[in-house]
Amino acid sequence: MSPSDDVNYNNDDGGDNGDEIPDDDMLVNKKTSFNGKLNKYFYHVTKTKVDTVQRPAGRVSSPAMTQTQTQTQKVQVKGTAEPGDATGIIIGRRVTRSQSSRLSTASSSPSENNTPAAAASLSLPPSKRDSSSSSSSPKKKKKRLLRTEEKDPSFSPPSRLRDTIPPNLILLLVGVNPGLMTGATGFAYAHPSNLFWKLLHSSGITTVRHPPSDTYRLPELYGVGNTNIVERPTRDASMLSKAEMDAGVPVLEAKIAAQRPEAVGLVGKSIWEAVWRVKHGRPIRKSEFRYGWQDESENMGRTADWPGARVFVATTTSGLAATMSLAEKQAVWNELGRWVVQRREERKAAAAVAASGDSDASAVTTPVSVPTSASPYFASTKDDSTKS
């Protein structure tokens, strides 16, 4: 419409200001012929259509979600604001949740978003930006710290396991070091995957299969004790160094010399390798190693008035070692079990004779001789390791 055609848009009753509108101008000014009422109706319809959002059936959303997902923006058109123009028209724009959160963050803290770090973060894709922010969370840092401590060889949780070495034992069993579960519970070979208590029973050393909680009853029931060459608990025996293993040999020798058990059973090849290195000053050769009874010259705990305890090298009982089959391990432990059962029967007979006052009781208490080998698995080069 031309500037000369003045129309009163403020008169709501449909009157005019005295200027008549020609009939020829009706088609041109069709929208404004009702003095703005058609524009109001147009505005009302547009707003209703924008605010009404079609949603899938069965899905209920809160008013907050409706306000977040759909926002409206008023667009001002350059030029003279006339009723027929686009001034006041509501134009709908769908805003996703991620866009809404970024817009609200940018509007709430503009000073923070102006920093170089914030600008670099906003330039990243949402997936990478979320991962970069979550990677520095305190919980993940704590988990990484725990994993680092567990892998650190110097890391050692406290151990509640105690030695059971009363005097005059028939057999003293020696493990490498306590596992984490053993150290936490205070019971030897406490992990369910460990075969120690199973092999102890199947070989005849114990008459029943005891749980780990019976660790401190073995000396009284069977004359069998328990200790380790290293007292520090670890998750795996491979976390121990050779220097740490060798340092435990003199301590073990002193324990044996003080309590004088008849025999010492080393539960694992690595223990005998450490003892050999300390005694002979060199690693043991493959041709020199064998499971089972060792020569009397290798007795442990020897003193001036005592020849020392005989040494039996048994297999590992750890569930992590798979270099030997269960049948091979059982054959080695059976040999040790036969000797323990025989010595226990001889001690009982000697005690009965001593109680009856027989003068020949000393003959019964003489230890039986031990074989140097009694199984095809005794001479073996297979590597194993164990932990209690």
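- Distance check: K269 NZ to T315 OG1 gives 12.0 Å after rounding to the nearest 0.5 Å.
- Under the 3.5 Å distance criterion, the side-chain polar atoms of Y216 are matched with a main-chain donor or acceptor of R162.
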**OP:** Start with the C-alpha gap between W333 and S202, add the side-chain angles, then the distance that decides, and say whether side chain to side chain donor-acceptor pair (under 3.5 Å) holds.
**Re:** CA-CA 9 Å; W333 280 86; S202 60; over 6 Å; no
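- Between L173 and V224, the closest side-chain pair of non-hydrogen atoms falls below 4.5 Å.
- Side-chain heavy atoms closer than 4.5 Å link hydrophobic residues (I, L, V, M, F, W, Y) into clusters, and following such links, even through other members, never connects V251 to V264.
- M181 and L161 fall into different hydrophobic clusters, where Ile, Leu, Val, Met, Phe, Trp and Tyr residues are linked whenever their side-chain heavy atoms come under 4.5 Å apart, directly or through other members.
- At least one donor-acceptor pair under 3.5 Å links the side chain of R344 to the backbone N or O of I205.
- Clustering ILVMFWY residues whenever any of their side-chain heavy atoms sit less than 4.5 angstrom apart, transitively, puts L240 in the very cluster that holds I284.
- With T317 contributing its side chain and N194 its backbone, the two residues share no donor-acceptor pair below 3.5 Å.
- Residues G179 and P233 share a closest heavy-atom pair of O-CB, 4.0 Å.
- E298 is linked by a side-chain hydrogen bond (donor to acceptor under 3.5 Å, both in side chains) to H280, counting only residues two or more places apart in sequence or in another chain.
- With rounding to the nearest 0.5 Å, the separation of CG in L195 from OG1 in T316 is 8.5 Å.
- S318 OG to F196 CZ: the interatomic distance, rounded to the nearest 0.5 Å, is 13.0 Å.
- The two residues W272 and V313 have their closest heavy-atom pair at CG-CG2, 3.7 Å.
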**OP:** Kindly indicate, with the supporting measurements, whether the criterion side chain to side chain donor-acceptor pair (under 3.5 Å) is fulfilled by N226 and T164.
**Re:** CA-CA 5 Å; N226 180 74; T164 52; 5.1 Å; no
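- Across all their heavy atoms, A257 and T303 have their closest contact at CB-CG2, 3.9 Å.
- Considering all non-hydrogen atoms of both residues, L199 and L326 come closest at CD2-CD1, 4.3 Å.
- Applying the side-chain hydrogen bond (donor to acceptor under 3.5 Å, both in side chains) criterion to H210, with sequence neighbours excluded, gives D214, Y222.
- Panel note: side chain R310, backbone Q294; a donor-acceptor pair is recorded below 3.5 Å.
- For the residue pair T227 / D163, a side-chain donor-acceptor distance below 3.5 Å is found, with atom types taken as modelled.
- With salt bridges taken as basic N to acidic carboxylate O contacts below 4.0 Å, one links R343 and E346.
- Here the shortest heavy-atom pairing between A188 and T215 reads N-OG1, 3.0 Å.
- For E220 (side chain) and L218 (main-chain N/O), no donor-acceptor pair under 3.5 Å exists by modelled atom type.
- Electrostatic pairing of E288 and R282 counts as a salt bridge here, judged by a charged N lying under 4.0 Å from a carboxylate O.
- The pair D305-R260 meets the salt-bridge criterion, since a charged nitrogen lies less than 4.0 angstrom from a carboxylate oxygen.
- For the atom pair M300 CE and L172 CG, the distance stands at 9.0 Å (nearest 0.5 Å).
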Subject >> salt bridge (Lys or Arg N to Asp or Glu O under 4.0 Å) between D295 and R290, worked out >> reply: CA-CA 11 Å; D295 297 336; R290 68 170 183 268; 3.1 Å; yes
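- Both F312 and I165 belong to a common hydrophobic cluster when Ile, Leu, Val, Met, Phe, Trp and Tyr are linked at side-chain heavy-atom distances under 4.5 angstrom.
- Heavy-atom minimum distance, P261 versus A309: O-CB, 3.3 Å.
- In this structure the side chain of R277 reaches within 4.5 angstrom of the side chain of M245, judged on heavy atoms.
- Tested against V230 for a side chain to side chain contact (heavy atoms under 4.5 Å, CB included), the candidates V176, N177, I271 yield a single pass: N177.
- Between V332 and E328, every side-chain heavy-atom pair lies at or beyond the 4.5 Å cut-off.
- Side-chain N or O atoms of Q259 include none that pairs as donor or acceptor with a backbone N or O of I256 at under 3.5 Å.
- Here D236 contributes atom CG and T234 contributes atom OG1; the two are 6.5 Å apart, rounded to the nearest 0.5 Å.
- Between the T206 side chain and the R209 main chain, no donor and acceptor come within less than 3.5 Å of each other.
- Between F289 and Y291, the distance from one ring center to the other falls under 6.0 angstrom.
- At a threshold of 4.0 Å, the pair R347-E262 counts as salt-bridged, since one of the basic side-chain nitrogens sits closer than that to a carboxylate oxygen.
- A donor-acceptor pair under 3.5 Å is formed between the side chain of R302 and the backbone N or O of P307.
- Transitive grouping of hydrophobic side chains (ILVMFWY, heavy atoms separated by less than 4.5 Å) brings V278 and W276 into a common cluster.
- When side chains are defined from C-beta on, V311 does not count as touching W293, because their heavy atoms never get closer than 4.5 Å.
- The environment of K242 atom NZ is sparse: at most 12 non-hydrogen atoms of other residues, nucleotides or ligands sit within 6.0 angstrom.
- Considering only heavy atoms from C-beta on, V174 comes within 4.5 Å of L252 through its side chain.
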